[in-house]
Amino acid sequence: MKANPKQLLRSLVTWTALLPMVATVLVAYLGTVLWSLKVSMSNSRTFPSDEFVGLAQYERLFNNDRWLLSLENLALYGVLFIAACMLIGFLLAVFIDQQVMAEGALRTIFLYPYAMSFVATGLVWQWLLNPGNGIQQAVRQMGFEDFTFDWIIDQDKVMYTIVIASVWQASGLVMALLLAGLRGIDGEIWKAARIDGIPTWRVYVSIVLPMLGPSIATVFILLSTAVIKLFDAVVSMTQGGPGTASEVPAKFIMDHLFGRANIALASAGSIVLLLTVLALLAPLLYVRSRANAAGGDK
């Protein structure tokens, strides 16, 4: 059977249109990853070098106290940030799903912080948390002279301030995604639950949350990638301080790439972060592919 010339032309045009995207994936993504991997196994400093040193840079990386501290900070930040965003975002979504008055205005208010840049968010919260002119000073002027809220200059608590600022910004996005999932749930489920006398909290726990599985997985992926690339909020709020108390991997990489002229060590750190992202995404993608395959077999 001969192919239709019009179909061949249409197919050729389609593939031609896809070429820029294919080139972007191969060069801008895959190419740069492979280049970073090559550099991370070299003795490069200010400029790339072809001197191969194997995994020596990775050994140096994990013997670096500053890098280990940045990983600890990132783990603490990630657990608190994801848990708080999911909880607050879900509660906001449930609240708005009750057909409240001025729903559109409330959605805009809750989602607005996410439209701000992380730099702007960090600067605003840096001012709010500054003991000299922020929340602490305002409360003391109200008569509570013993009130203290100086977490941003406390080495043991500074990471919590970054969590607070980031949760304030990202919870609205979680709310929007979960609200879309809630609006997709059949209203007959609620009617049946009311007839059977099932408590509302039980419906959410046993029925609604499992049905929100795809939305929750999407939220988890977005928040996890935001955790891995945490940089702007730290730089704008604390510059990694006090000392190195709020150091995170992305700042470590940028400092060694531009400030300390050690692109090999910086590349090793970036490869470690890439592997972390893949480790987080792979199980979710596998579960989703299995679920889609199971759905297709039915």
Side-chain angles (χ1 to χ4, degrees), residues 18-79 81-82 117-119 122 158-159 162 166 170 220-286:
L18 289 175
L19 283 178
M21 181 59 67
V22 173
T24 300
V25 171
L26 292 178
V27 178
Y29 292 101
L30 184 59
T32 53
V33 168
L34 293 177
W35 185 85
S36 297
L37 180 62
K38 174 180 177 294
V39 171
S40 72
M41 294 184 176
S42 70
N43 198 28
S44 303
R45 295 291 297 183
T46 303
F47 298 102
S49 168
D50 292 331
E51 184 180 350
F52 181 76
V53 295
L55 300 178
Q57 298 293 351
Y58 294 91
E59 184 178 353
R60 287 184 57 200
L61 187 67
F62 284 96
N63 284 329
N64 189 305
D65 292 337
R66 185 179 168 190
W67 172 257
L68 296 178
L69 175 62
S70 73
L71 293 180
E72 292 177 7
N73 287 339
L74 192 68
L76 173 65
Y77 171 85
V79 171
F81 171 71
I82 293 175
S117 71
F118 275 103
V119 173
V158 64
M159 286 304 301
I162 298 172
S166 301
F220 180 79
I221 291 173
L222 292 176
L223 295 180
S224 297
T225 53
V227 169
I228 298 299
K229 64 182 184 180
L230 173 65
F231 175 75
D232 295 348
V234 171
V235 171
S236 58
M237 286 182 68
T238 67
Q239 288 290 330
T244 57
S246 58
E247 183 77 9
V248 291
K251 186 177 182 302
F252 177 94
I253 292 170
M254 296 298 286
D255 285 350
H256 281 76
L257 184 62
F258 296 106
R260 301 195 177 191
N262 193 337
I263 63 174
L265 194 64
S267 297
S270 65
I271 293 297
V272 171
L273 288 190
L274 175 62
L275 293 177
T276 304
V277 172
L278 294 178
L280 289 171
L281 296 183
L284 290 174
L285 295 176
Y286 174 75

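No side-chain heavy atom of N73 sits less than 4.5 Å from a side-chain heavy atom of L230. With contacts defined as side-chain heavy-atom distances shorter than 4.5 Å, the pair F231/I253 does not qualify. Between Y77 and V248 the shortest side-chain heavy-atom distance does not fall below 4.5 Å. When side chains are defined from C-beta on, S117 does not count as touching D232, because their heavy atoms never get closer than 4.5 Å. Counting heavy atoms from C-beta outward, N63 and L68 have side chains that stay 4.5 Å or more apart.
Within the structure, every pair that satisfies the side chain to side chain donor-acceptor pair (under 3.5 Å) test and touches residues 41-52, not counting sequence neighbours, is listed here: K38-D50, S42-S44. Pairs engaging residues 253-269 under the side chain to side chain donor-acceptor pair (under 3.5 Å) rule: R66-D255, K251-D255 [sequence neighbours left out].
Here the shortest heavy-atom pairing between V227 and L74 reads O-CD1, 3.1 Å. Contact detail for G122 and M237: the closest heavy-atom pair is O-CG, 3.2 Å. What you find for W35 and P48 is that their closest heavy atoms are CZ2-CG, 3.7 Å.
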Run the side chain to side chain donor-acceptor pair (under 3.5 Å) test on S270 and S36 for me, step by step, so that the C-alpha distance in whole Å, both residues' side-chain angles and the decisive distance to 0.1 Å come before the verdict. CA-CA 8 Å; S270 65; S36 297; 4.6 Å; no
Trace of the side-chain contact (heavy atoms from CB on, under 4.5 Å) decision for L265 with W67: CA-CA 11 Å; L265 194 64; W67 172 257; over 6 Å; no
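In this structure, S40 contributes its side chain and A264 its backbone to no donor-acceptor pair below 3.5 Å. Without hydrogens or angle criteria, E247 side chain to F252 main chain gives a donor-acceptor distance under 3.5 Å. Proximity of a side-chain donor or acceptor of S246 to a complementary backbone N or O of G240 within less than 3.5 Å is detected.
The 12-atom threshold is not exceeded at OH of Y29, counting heavy atoms of other residues, nucleotides or ligands nearer than 6.0 Å.
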